[in-house]
Chemist: 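Have a look at the structure that comes next, please.
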Number of protein chains: 2
Amino acid sequence: MRKVRTYSTDIDLVQERRAQIVQTAVELIVKRGYNRTNTRELATALGMSTGGLYHWIGSKDDILYLIVNFTSDLTQGLLDNCARCGGGTVTQKLKESIKIYFSGVEEFRNFHNFINHVMLSLSANDRRIVYQNESRIVDYFEGLLDEGVKKGEFREIDCKCIAHNIVAIANAWANRGWYLKRYYTIDKYTSEETDNLLAQLTGVPTASVRSR
Amino acid sequence: MRKVRTYSTDIDLVQERRAQIVQTAVELIVKRGYNRTNTRELATALGMSTGGLYHWIGSKDDILYLIVNFTSDLTQGLLDNCARCGGGTVTQKLKESIKIYFSGVEEFRNFHNFINHVMLSLSANDRRIVYQNESRIVDYFEGLLDEGVKKGEFREIDCKCIAHNIVAIANAWANRGWYLKRYYTIDKYTSEETDNLLAQLTGVPTASVRSR
DNA sequence: TTTGATTGACTGAGCGATCACTCGGTAGAT
DNA sequence: ATCTACCGAGTGATCGCTCAGTCAATCAAA
């Protein structure tokens, strides 16, 4: 956790203001791109002056860092929810986790699009945070799939690959929303993809297909 | 096709220089991001001066447009290759098309990452080009899947959804290459994902799984 | 209760730097 | 002599960031 300069000593207020900055900055950046979002506009959108903005942060790049960190917290929260979700079988756990993660992507679509957009502009350190973050998600699903295979609920599959697919397809809801939203709601998309996945994991009767 | 200013009248030379500009610009932008790639550096990398650069293009934004258009041509070329590929069954055609498209993503990874990065900065018109482009790819695979279902090679599936998945998973090789390249080569990834897909499409024997 | 001092969030004009783009000029080919 | 690819110092505009200053809130002494 890097230090970000502030002239305030009120820790709570700093956190509150930075949360506002992160929220507003993400909205603006996703709308207009990072370079076209200048500090003047951002300050105005926050109901501040540029000087006021720099009371809470040290530089424009700090905003990237704060957003990356905030995103990291968001996904950690989602994973915690996933880990807590019940269900006796691994299949049920997987279904619920997917539901939680997919609706998380929908809820924080702006943040996903933001990360996508600024990835190349991030410092090496900030990029590492994003990587760790994404890896954690894949690891979680990989663990679930592994468990399912061990317990005989799923057939033998490349768990790493399929875990990656789950995450890639979830992220696609943010990245490729312009396409998907023409045809699906997030609920329809989630259930459709869950079905697709389970067909892969458990297999479906070949005979009934061939006989059609 | 928008007009891009040039002071030259030699159409062939314009095209050649612009191809060089596109190639070099993509490499630089993917390395450093769009705003940090200034015209001086780009010109230097091209062995030109800034003035020389503006002999061939009218503005920095024109470069975005040229790259977007170039990308569009690239994918059109890939789709043409796909359409031309033989094989008696739809399954074989699908396998070959996936191979062509996936290796295309690998070959033009820079372009994919570029589009990802600048999407939010694109003008409405340029963005429309990207959308049309991506839609064409999904449509191609959707058509193949439809054909497969009609001919009874695949079970009844949501072709649009699965076509989208193919594209999303292919693009993931570019977007999420930092993760995937730790564990897969493009060939391994392609064959793994092809197997996964066919398991979805044709179904796999449930019995053998259950009996394990 | 009044008053004077102090604090700290916030202001906004302005500075320095950068950057996209121009334009008068040059050198080599025809 | 003309043409044209190319040069590079210069220009105007933008943008990140600063800093001297404002003002309302807080507090302590009178």
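Numbered from 1 within each chain, the chains take letters A, B, ... in sequence-line order. Values below: all heavy atoms of this structure, side chains included; hydrogens, waters and symmetry mates excluded.
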Chemist: Pairs of donor and acceptor atoms involving the side chains of residues 20-34 of chain A, under 3.5 Å and at least two apart or interchain, shall be tabulated with distances.
Modeler:
residue : atom : partner : partner atom : Å
A:Thr24 : OG1  : A:Gln20 : O            : 3.0
A:Arg32 : NH2  : A:Glu41 : OE2          : 3.2
A:Tyr34 : OH   : A:Asp61 : OD1          : 3.1

Chemist: Using distance only, find each side-chain donor-acceptor pair of residues 105-112 of chain A under 3.5 Å and give its atom names and separation, not counting sequence neighbours.
Modeler:
residue  : atom : partner  : partner atom : Å
A:Glu106 : OE1  : A:Arg109 : NE           : 3.4
A:Glu106 : OE1  : A:Trp173 : NE1          : 2.6

Chemist: Using a 3.5 Å cut-off and no angle test, enumerate the donor-acceptor pairs between side-chain atoms of residues 137-146 of chain B and protein atoms at least two apart in sequence or in another chain.
Modeler:
residue  : atom : partner  : partner atom : Å
B:Tyr140 : OH   : B:Cys82  : O            : 3.3
B:Tyr140 : OH   : B:Ser97  : OG           : 2.8
B:Glu142 : OE1  : B:Lys160 : NZ           : 3.1
B:Glu142 : OE2  : B:Lys160 : NZ           : 3.2

Chemist: Extract from the structure each pairing of a protein N or O with an N or O of nucleotides 26-30 of chain C at less than 3.5 Å, listing the distance.
Modeler:
none

Chemist: Tell me which donor-acceptor pairs under 3.5 Å the side chains of residues 63-74 of chain B have, and how far apart each pair is, sequence neighbours excluded?
Modeler:
residue : atom : partner : partner atom : Å
B:Tyr65 : OH   : B:Arg2  : N            : 2.5
B:Thr71 : OG1  : B:Ile67 : O            : 2.7

Chemist: Excluding sequence neighbours, so at least two apart, what forms side chain to side chain donor-acceptor pair (under 3.5 Å) with B:Arg84?
Modeler: B:Asn81

Chemist: Between A:His164 and B:Tyr189, does the ring centre distance come in under 6.0 Å?
Modeler: yes

Chemist: Hey, can you pull the residues of residues 13-22 of chain B with a non-hydrogen atom under 4.0 angstrom from DNA chain D?
Modeler: B:Leu13, B:Arg17

Chemist: Could you work out, with side chain to side chain donor-acceptor pair (under 3.5 Å) as the rule, every residue matching B:Lys188, not counting sequence neighbours?
Modeler: B:Glu192

Chemist: With sequence neighbours left out, write down each residue that passes side-chain contact (heavy atoms from CB on, under 4.5 Å) with B:Ser121, or none if nothing qualifies.
Modeler: A:Asn35, A:Arg36, A:His117

Chemist: Can you name the side-chain contact (heavy atoms from CB on, under 4.5 Å) partners of A:Asn175, sequence neighbours left out?
Modeler: A:Asn113, A:Asn116, A:Asn171, B:Asn175

Chemist: Give the angle between the helix axes at the two ends of the helix from C:dT1-D:dA30 to C:dT30-D:dA1, taking five base pairs at each end and rounding to 10°.
Modeler: 10°

Chemist: Find every protein N or O atom lying less than 3.5 Å from an N or O atom of nucleotides 15-20 of chain D, and list the pairs.
Modeler:
residue : atom : partner : partner atom : Å
D:dC15  : OP2  : A:Asn38 : ND2          : 3.3
D:dG16  : OP1  : A:Lys60 : NZ           : 2.7
D:dG16  : OP2  : A:Thr39 : N            : 2.8
D:dG16  : OP2  : A:Thr39 : OG1          : 3.1
D:dG16  : N7   : A:Arg40 : NH2          : 3.0
D:dG16  : O6   : A:Arg40 : NH2          : 3.1
D:dC17  : OP2  : A:Tyr54 : OH           : 2.4
D:dC17  : OP2  : A:Lys60 : N            : 2.5
D:dC17  : O5'  : A:Tyr54 : OH           : 3.4
D:dT18  : OP2  : A:Arg5  : NH1          : 3.4

Chemist: Without swapping roles, check the side chain of B:Asp62 against the backbone of B:Gly58 for a donor-acceptor pair under 3.5 Å.
Modeler: yes

